[in-house]
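Okay, so here's the structure we're looking at.
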Amino acid sequence: MNKTGKLYIGTNTKMYMNISQTTDFLTKLHGLTQDISRENMELFVIPSYTALSSARKSVPKESISLGAQNMCWEDQGQFTGEISPLMLKEIGVQIVQIGHSERRLIFKETDVEENKKVLCALRHDFTPLLCIGETIEQKEKGISDEVLRIQIKTGLSNVTPEQAKNVWIAYEPVWAIGVDGIPASKEYANEKHKVIKDTLIELFGEPLGRNIPVLYGGSVNNQNAVDLIQMPYIDGLFIGRSAWNADNFNQIIRSVLPVFLKKFKTN
């Protein structure tokens, strides 16, 4: 696990909530969690582009960090339909999600393109949240570790150690996410998080590589969140639809935070 003692926990609302739904969700989540010290927790939400401006105005950035679901690697130009980092900076976005499996598989983004976005995000002082994960076919062929290592090494190519301090990783096995996702066992998730941590240490050395937050995402819910966060190599949770109700998200946060802090103190 990382040695920062901070739980990283958040959600990506994908293409679901509109502006009013997003701001209502954020306002309620802020109210429910404002008693929790942010020294112990990094809470973030990644809504749709159209909701970002209103979302930023609805809650303090010190309470809930906001992210964008994607971003172009160029500041401006002939890129119809893309979003510039300058546009996101103007809104007050802090995090950029890069390489979600839906971007990779549906929209055919490559590891090289994800790397361009990571470097662009770092250049503009965003926190890049690089998403990685193997498909069920890759898992069944026994090449999950190789896939994860390639995604990390290519995605973080030319990232300096100083820049790496601002990088987050989300491990989301493709077969575990979405409506029909099958949650990974806590042991499997922890095993892959160790592969990721070992690769980050290989790239950036100790203690930097170990301290890069690695979050697990993949059908996280009230039933498995505590089991997952207990595992030594899991630094946080990237939650899907179970977090889209503020009351339920608050319940998950309050169930996992004391367990995480106990784990941190024990280690």
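Residues: numbered from 1 along the sequence shown. Note that the structure is predicted; figures quoted are calculated from it, not measured.
- Side chains of P213 and L215 form a contact here, defined as non-hydrogen atoms less than 4.5 Å apart.
- Using the six-membered ring where Trp is involved, F238 and F44 have ring planes that are tilted, between 30° and 60° apart.
- The closest donor-acceptor contact from the side chain of N248 to the backbone of N245 lies at 3.5 Å or more, if one exists at all.
- No side-chain donor-acceptor contact under 3.5 Å links T33 to the backbone of I36.
- Sparse packing is recorded around CD of E90, with 12 or fewer heavy atoms of other residues, nucleotides or ligands lying under 6.0 Å away.
- Every residue was checked against the salt bridge (charged side-chain N to carboxylate O under 4.0 Å, His left out) condition with E137, not counting sequence neighbours, and none meets it.
- Pairs passing the salt bridge (charged side-chain N to carboxylate O under 4.0 Å, His left out) check and including a residue from residues 45-72, sequence neighbours excluded, do not occur.
- Taking the side chain as every heavy atom from C-beta outward, L66 and L26 approach each other to under 4.5 Å.
- Here R38 pairs with nothing under the salt bridge (charged side-chain N to carboxylate O under 4.0 Å, His left out) rule; sequence neighbours left out.
- Taking CD1 from I212 and CG from L203, the interatomic distance works out to 8.0 Å, rounded to the nearest 0.5 Å.
- A distance-only check finds no donor-acceptor pair linking the side chain of T154 to the backbone of D111 [under 3.5 Å].
- Classification of the F25-F249 ring pair by plane angle, with boundaries at 30° and 60°, yields parallel.
- Side chain of D24 to backbone of T27: no donor-acceptor contact under 3.5 angstrom is found.
- A salt bridge links K28 with D247: the distance from a Lys NZ or Arg NE/NH1/NH2 to an Asp or Glu carboxylate oxygen falls below 4.0 Å.
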- Show your reasoning for whether salt bridge (Lys or Arg N to Asp or Glu O under 4.0 Å) applies to E74 and K116. CA-CA 9 Å; E74 293 288 350; K116 290 180 181 180; over 6 Å; no

- Query: Should M71 and I83 be marked as a side-chain contact (heavy atoms from CB on, under 4.5 Å) after you check the CA-CA gap, both sets of side-chain angles, and the distance that decides it?
  - Reply: CA-CA 5 Å; M71 182 189 72; I83 298 291; 5.5 Å; no

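- Note: the hydrophobic cluster containing Y188 does not contain I177 (ILVMFWY, side chain heavy atoms under 4.5 Å, direct or indirect links).
- For the pair T13 (side chain) and Y16 (backbone), a donor-acceptor distance under 3.5 Å is absent.
- With sequence neighbours left out, R241 forms a salt bridge (charged side-chain N to carboxylate O under 4.0 Å, His left out) with no residue at all.
- How far CG of L88 is from OG of S53: 11.5 Å, rounded to the nearest 0.5 Å.
- Here the side chain of N190 pairs a donor or acceptor atom with the backbone of Y233 at under 3.5 angstrom.
- For the residue pair E172 and S101, no side-chain donor N or O sits within less than 3.5 Å of a side-chain acceptor on the partner.
- Checking N158 against N115 by side-chain atom types alone, no donor-acceptor pair falls below 3.5 Å.
- Not one N or O on the side chain of S63 forms a donor-acceptor pair closer than 3.5 Å with the backbone of V59.
- For the residue pair Q69 and N12, a side-chain donor N or O sits within less than 3.5 Å of a side-chain acceptor on the partner.
- Taking CD1 of I64 as the start and OG of S58 as the end, the distance is 7.5 Å to the nearest 0.5 Å.
- Other residues, nucleotides and ligands contribute over 12 non-hydrogen atoms within 6.0 Å of the CZ atom of F79.
- In this structure, K197 pairs ionically with D235, as a charged nitrogen and a carboxylate oxygen lie closer than 4.0 Å.
- A salt bridge links E109 with R103; the closest basic N to acidic carboxylate O contact falls under 4.0 Å.
- Shown here is I182, whose CD1 atom has no more than 12 heavy atoms of other residues, nucleotides or ligands within 6.0 Å.
- H100 is linked by a ring-ring contact (aromatic ring centres under 6.0 Å, His included) to nothing, counting only residues two or more places apart in sequence or in another chain.
- Residue T199 is tested with R149, Q151, K194, K153 for a side chain to side chain donor-acceptor pair (under 3.5 Å); the sole match is R149.
- Side-chain atoms of S242 come within 3.5 Å of backbone atoms of V220 as a donor-acceptor pair (strictly under, hydrogens ignored).
- Using a 4.5 Å cut-off on side-chain heavy atoms (C-beta onward), Q138 and E146 make no contact.
- With S255 contributing its side chain and I252 its backbone, the two residues share a donor-acceptor pair below 3.5 Å.
- The ring of W168 has its center closer than 6.0 angstrom to the ring center of Y8.
- Between the side chains of T11 and W244, at least one donor N or O lies within less than 3.5 Å of an accepting N or O.
- Relative ring orientation between F260 and F264 is described as parallel, the plane-to-plane angle staying below 30° on a 0-90° scale split at 30° and 60°.
- Other residues, nucleotides and ligands contribute at most 12 non-hydrogen atoms within 6.0 Å of the CD atom of Q76.
- For the atom pair OG (S54) and CD1 (I91), the distance works out to 9.5 Å, reported to the nearest 0.5 Å.
- Rounding to the nearest 0.5 Å gives a distance of 5.0 Å between CD1 of I229 and NZ of K263.
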- Item | Pair N211-K165, side chain to side chain donor-acceptor pair (under 3.5 Å): steps then yes or no | CA-CA 8 Å; N211 286 336; K165 295 176 183 177; over 6 Å; no

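- Note: S84 OG to K89 NZ = 10.5 Å, rounded to the nearest 0.5 Å.
- For D35, the salt bridge (charged side-chain N to carboxylate O under 4.0 Å, His left out) test picks out R254, with sequence neighbours left out.
- Taking each heavy atom of Y216 and A176 in turn, the nearest pair found is OH-CB, 3.8 Å.
- Put simply, the side chain of Y49 gets close to the backbone of N70: a donor and an acceptor are under 3.5 Å apart.
- The shortest side-chain heavy-atom distance between L129 and I95 falls under the 4.5 Å cut-off.
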